[in-house]
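Okay, structure first, notes after.
Computed over heavy atoms, backbone and side chain alike; hydrogens, waters and symmetry mates excluded.
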Amino acid sequence: FRILYRDFLVRLVDLEVVYSGGDPMNLVVQFGAVLGAFSFVLSLECAYIRHAPRVALWGFEEFLLRNTIAVVGLFTVLAWNALLPERRDSLVLGPLPIRLRTILLAKSAAIGTALGAAVVALNAFTGLAYPFVIAPDTFSGVAFSVGAYWTVTLAAGLFIFCALLAAQGVVAQLVSYRVFLRISAVMQLGALVLILGSYFVAPPLASPARLNAPESQRWLSVLPSYWFLGLFERWEGSTQTAFTALAARAVRNLAIAAIVASVAYALAWSRSLRRIVEEPDIAPGDRTRPAARLGSFFAAKLPARSLDRVIVLFTARTIARSRQHRLLLAILTGIGVPFALASVRSFLMGTYKDRWDTPNPPLAA
C-alpha cells in the first residue's frame, strides 16, 4: 500500500507538462506557496469587512467558494489521465499478486491527499480569518463557524472532483478504451474551459434581490458556488428563503456526484485493468472515414501550398494523439477563451447599452 501510494501520488499530475524540471517536491512547494500567498492576501481583506453587514459579506463568501471549486477543478483536469487506470497500470499492476482493494485504497488515498493539500493551502489563512469575522464573540461560536467553513469548503471541492470523475468514469464504461481516449481528450478540454469560464463569467448574484429574481434562477441552477453558499448560510442561521433551496441542491448534487463517481471509479479499476491490454491505443485513423475526409478537405482548402497543408495536418494529428500536446492546448484554450468572454460579459448579459459592432473599450479589451 505504501509503495503504491507514493507512486500514485508522484504520478498524479503530468510533471513533464506542468513543470519542465520534473521534480515533484519543487512542484508541490511552488504550487502550495502560490495558493498560500493568495489565501494570505484574501485574509487581509477580512480586517476591512469585519464591521460590514452580513448581507454585504455574501459576495465575499461566494468568491472564496468559487476559488476552491476552480482550484480543485484545475487540479482534476491536470490529473485527468491519472485518475482512471491507464496502459502502464494495466501492464505493471495487472500481472502482480496485488488485491484490487489495495490498489483502490492506495489510489484513493493519493487523490485525497493531493486534493486535501490543495484545499488547505488555498484556505490556510482565510479559513481561520473569515470565521472570526462572522462568528459571535464566544469560543463555541468561533469553533462552529470554523467547522462550518471548512466543511462546506471541502464539500464544494469534493463535488467538482466527483462530478468530473463521474463523467469520465461513465464514458469509460460505455465505450472501448481506444474510443475513450479520443473522447477523454475532448472532455478534458471542455472541462477546463467550463471551469475557468464559470469562474470569470459568473454574474454577481449574492444579494437578496438577485437571489430571488426570476432571471437569476437559471444561473443559480448551474453555479455550484452559490449552492454551497446557501449551505454555509443555512448552517450559520440565515433566514433567507433562497438559501434553503440552494442548500438542498448542494446536498443532493453532492450525494449524486459522489455515488456515481464511486461506482464508476470502482468499475473502471475492476473491469478495465485487464481490458486495456487487449485493446489498441490511439492509432492512425482510417482515411476513408467521413470525419477524416472532412478534415483533409478543410486542410486542403485553407493553405495554398502543399507544404503548408502538410504542416497543418501534422499539427492536428499530433495534438490528437499526444497527451502532452492536448493538455497544453487545453490549458491555453481554457485560460484564453474564458478571459476573453469575461471582457465581453456585459454584452452577453445584455447590460451594455452600446452596440457590439461599434468601437468600444470592453470589446477591444
Side-chain angles (χ1 to χ4, degrees), residues 8 11-12 14 72-94 100-101 103-108 110-112 115 158-195 197-198 221-222 224 252-286 288-295 316-317 319-327 329-330 333-334:
F8 286 145
R11 292 196 295 116
L12 205 54
D14 197 343
V72 174
L74 289 176
F75 170 81
T76 307
V77 171
L78 291 177
W80 188 266
N81 297 292
L83 298 178
L84 298 182
E86 54 182 357
R87 186 167 297 276
R88 177 162 50 176
D89 297 324
S90 180
L91 294 175
V92 175
L93 299 179
L100 180 62
R101 184 179 65 179
I103 299 176
L104 285 175
L105 289 177
K107 189 74 169 184
S108 302
I111 294 174
L115 289 178
L158 181 63
F159 165 77
I160 190 65
F161 171 77
C162 290
L164 295 176
L165 179 61
Q168 190 183 18
V170 169
V171 173
Q173 298 305 309
L174 296 179
V175 298
S176 64
Y177 180 67
R178 180 178 177 180
V179 176
F180 168 71
L181 291 179
R182 297 182 181 276
I183 299 177
S184 178
V186 179
M187 293 176 61
Q188 185 181 28
L189 174 61
L192 187 57
V193 174
L194 180 63
I195 291 168
S198 61
S221 63
V222 297
R252 181 194 63 201
N253 292 345
L254 175 60
I256 294 175
I259 294 173
V260 175
S262 300
V263 174
Y265 182 69
L267 289 176
W269 280 94
S270 61
R271 297 177 56 188
S272 302
L273 203 58
R274 298 186 182 276
R275 188 182 63 177
I276 292 175
V277 181
E278 303 171 357
E279 298 185 9
D281 212 329
I282 292 181
D286 186 2
T288 62
R289 297 176 60 182
R293 289 192 296 179
L294 183 62
R317 290 169 183 167
I319 292 175
R321 299 173 192 170
S322 172
R323 176 183 302 177
Q324 296 182 3
H325 288 83
R326 291 198 304 268
L327 183 56
L329 177 65
T333 306

For V77 and A191, the nearest pair of non-hydrogen atoms, with its separation, is CG2-CB, 4.1 Å
Distance, nearest 0.5 Å, that separates CG of N253 from CZ of F159
5.0 Å
Roughly how far, to the nearest 0.5 Å, is the CG atom of L104 from the OG atom of S262?
10.5 Å
Give a yes or no answer on whether the side chain of K107 reaches the backbone of L84 with a donor-acceptor pair at less than 3.5 Å.
no
CZ/R252: more than 12 non-hydrogen atoms of other groups inside 6.0 Å:
yes
Mind checking the CG-CD1 spacing from L115 to I111? Nearest 0.5 Å is all I need.
7.0 Å
Nearest atoms (heavy-atom pairs only) where Y265 meets L83:
CE1-O, 3.4 Å
Do D89 and F8 have side-chain heavy atoms sitting under 4.5 Å apart?
yes
With sequence neighbours left out, what residues match V186 under side chain to side chain contact (heavy atoms under 4.5 Å, CB included)?
none
After noting the C-alpha distance and the side-chain angles of L254 and L158, does the key distance pass the side chain to side chain contact (heavy atoms under 4.5 Å, CB included) rule?
CA-CA 8 Å; L254 175 60; L158 181 63; 4.2 Å; yes
Got a list of side-chain donor-acceptor pairs under 3.5 Å for residues 161-171, not counting sequence neighbours?
{"from": "Q168", "atom 1": "NE2", "to": "W80", "atom 2": "O", "distance (Å)": "3.0"}

What's the spacing between L194 CG and L189 CG if we round to 0.5 Å?
11.0 Å
Measure the spacing between CG of N81 and CG of L12 and express it to the nearest 0.5 Å.
11.0 Å
